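So the structure is just underneath, and the comments pick up after that.
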Protein chains: 2
Amino acid sequence: MVVKKSLTPAAVVEVALGVVDEHGPEGLTLAAVAQRCGVVTPSLYKHVASLGELKTLVGVRVLEDMTEQFTATALGRSGDDAVTTLMHAYRAYVAAHPKRYAALPMDPMHDPIQAAAGQKLIGVMLATLRSYGLEGPAAIQATRRLRVLVHGFASIESAGGFGLPEDLDETYDQLIQMYLTSLRNES
Amino acid sequence: MVVKKSLTPAAVVEVALGVVDEHGPEGLTLAAVAQRCGVVTPSLYKHVASLGELKTLVGVRVLEDMTEQFTATALGRSGDDAVTTLMHAYRAYVAAHPKRYAALPMDPMHDPIQAAAGQKLIGVMLATLRSYGLEGPAAIQATRRLRVLVHGFASIESAGGFGLPEDLDETYDQLIQMYLTSLRNES
DNA sequence: CTCATAGGCTAATGGCATTAGCCTATGGGC
DNA sequence: GCCCATAGGCTAATGCCATTAGCCTATGAG
């Protein structure tokens, strides 16, 4: 039987993701999504509650996507190797989908719909640090530092915020070394 | 003579800044600005070319504001003291105007109107590192690392992105120490 | 076979940006 | 002191977008 394009909510989010990848977060509009779905705008309300909700769902989708990628990459590694790999994976993801990254909410924890996905992503970072044997608060601090580094770099790079793209690999390596050193000085 | 509210472009930007502070960057709308100016929307076009231009000008204004604050704070200091002070000033500015910070473009260099202001802000950071005697490329790398740290932390904190506000001062202190260490390991 | 409903559609409302064109006060040149 | 260009306000109109209401049809469960 031919598969009908039944247009599930998930499919709508998928299309929305495509729109974001092409036109950025500001370009994400119900009208644009509807057109790509071959449907008239109001029809979308049968699948999502509003533009706001769609944006939220897109955010969740991206968070899950990142979590999956990073998990796969970090599996079977530990220590500096794991951290280095995770940081590279983070940068690679954002480089591959720059517009998409800009669609991420910086406070996923404050939205009940996104909280779980955000928690999982942070969980991957926390798990990556496991082999350092950091206890409670120290582990949280280390995770925060990591988050600051990868997000800071990724958000600037993806926006083309560094004047020249020259030596950016070197810059990132330095950030990684800086972070690894901070981990060593902590235990 | 009573000073007329002549509504210069600068005044419009000022009002826009107020709107951003209150409602965030998405709330910055010509309609909102016009209302605050006690004027009808189309009238604004006599002072700014478009909403886009106004946003750009707001960005310039914020960049200049930050530059001024940081310059004043860093004057007369050098070495770790200067860096520490600058980083605290950055965080303080963003904490004082969280919405405003979100209105900043991450790629000021790509806009001819904002380039100068962006350059100056980066210049303050570069100057703050002067006493470390870093040469050319090394100085640029150090500036980039600094930028990544302060922006990463500030953007997450201002969005309320850290789960609990607990121990954020400690987190920031760790970031500062981490950065200072990276400076020492470099020369 | 029937009928509830999923999922599409059209029509209508209201907010916003933007453009065109009008109108008035004012201040600089004479 | 007079005259007019213009700065700076206004109304009207267009077009895009989100959102709501209400209609219509095919389909699949009973």
Side-chain angles (χ1 to χ4, degrees), chain A residues 1-61 99-100 102-105 111 113-114, chain B residues 1-61 99-100 102-105 111 113-114:
Chain A
M1 167 202 333
V2 181
V3 177
K4 287 290 197 64
K5 303 180 174 191
S6 65
L7 205 52
T8 67
V12 173
V13 171
E14 193 64 30
V15 170
L17 214 50
V19 172
V20 169
D21 280 339
E22 257 185 63
H23 304 95
E26 324 80 39
L28 177 51
T29 183
L30 284 183
V33 173
Q35 187 174 28
R36 288 202 183 198
C37 291
V39 127
V40 91
T41 307
S43 301
L44 289 182
Y45 286 86
K46 287 291 163 67
H47 306 105
V48 296
S50 67
L51 174 59
E53 189 197 74
L54 180 56
K55 284 180 174 173
T56 298
L57 294 176
V58 166
V60 170
R61 177 58 206 283
K99 308 271 184 68
R100 190 180 295 196
L104 270 188
D111 184 325
I113 302 182
Q114 298 181 322
Chain B
M1 173 204 323
V2 181
V3 177
K4 288 290 197 62
K5 303 181 176 192
S6 65
L7 205 55
T8 67
V12 173
V13 171
E14 194 63 31
V15 171
L17 214 50
V19 173
V20 169
D21 280 338
E22 254 185 66
H23 303 95
E26 325 79 41
L28 177 51
T29 183
L30 285 184
V33 173
Q35 187 174 27
R36 289 202 183 196
C37 291
V39 129
V40 89
T41 307
S43 301
L44 289 181
Y45 286 86
K46 288 288 162 67
H47 306 104
V48 296
S50 66
L51 174 59
E53 188 195 77
L54 179 57
K55 285 180 175 172
T56 298
L57 293 176
V58 165
V60 170
R61 176 59 205 282
K99 309 270 184 72
R100 190 181 295 197
L104 271 188
D111 184 326
I113 302 182
Q114 298 182 322

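If you're wondering where the values come from, they're calculated on a predicted model, not measured in any experiment. Heavy atoms only: backbone and side chains are in, while hydrogens, waters and symmetry mates are out.
- Direction of the helix axis in the helix from C:dC1-D:dG30 to C:dC30-D:dG1 shifts by 10° between the two five-pair termini, rounded to 10°.
- In this structure, the separation between NZ on B:Lys55 and CG on B:Leu51 is 4.5 Å, given to the nearest 0.5 Å.
- Following rounding to the nearest Å, B:Glu53 (CD) and C:dA17 (P) show an atom-to-atom distance of 15 Å.
- Looking at A:His47, its side chain never comes within 3.5 Å of a backbone N or O of A:Val12 through a donor-acceptor pair.
- Atom-to-atom distance recorded for A:Thr8:OG1 and A:Glu14:CD is 9.5 Å, nearest 0.5 angstrom.
- Taking atom CD of residue A:Glu26 and atom C1' of nucleotide D:dC16, one finds them 16 Å apart after rounding to whole Å.
- When all heavy atoms are compared, the tightest approach of A:Thr41 to A:Ala31 is OG1-CA, 3.6 Å.
- What separates CG of A:Leu54 from P of D:dT19 is a distance of 10 Å, to the nearest Å.
- Contacts between residues 29-50 of chain B and DNA chain C, defined by a heavy-atom separation under 4.0 Å, are made by B:Thr29, B:Leu30, B:Ala31, B:Thr41, B:Pro42, B:Tyr45, B:Ser50.
- A distance of 4.0 Å separates CG in A:Leu17 from CZ in A:Arg100, rounded to the nearest 0.5 Å.
- Closest non-hydrogen pair, A:Asp111 versus A:Ile113, comes out as OD1-N, 2.7 Å.
- Between the side chain of B:Lys99 and the backbone N or O of B:Glu22, at least one donor-acceptor pair lies under 3.5 Å.
- Heavy atoms of other residues, nucleotides or ligands lying less than 6.0 angstrom from CD of A:Glu53 number more than 12.
- In this structure, A:Leu51 places its CG atom 15 Å from C1' of C:dC16, rounding to the nearest Å.
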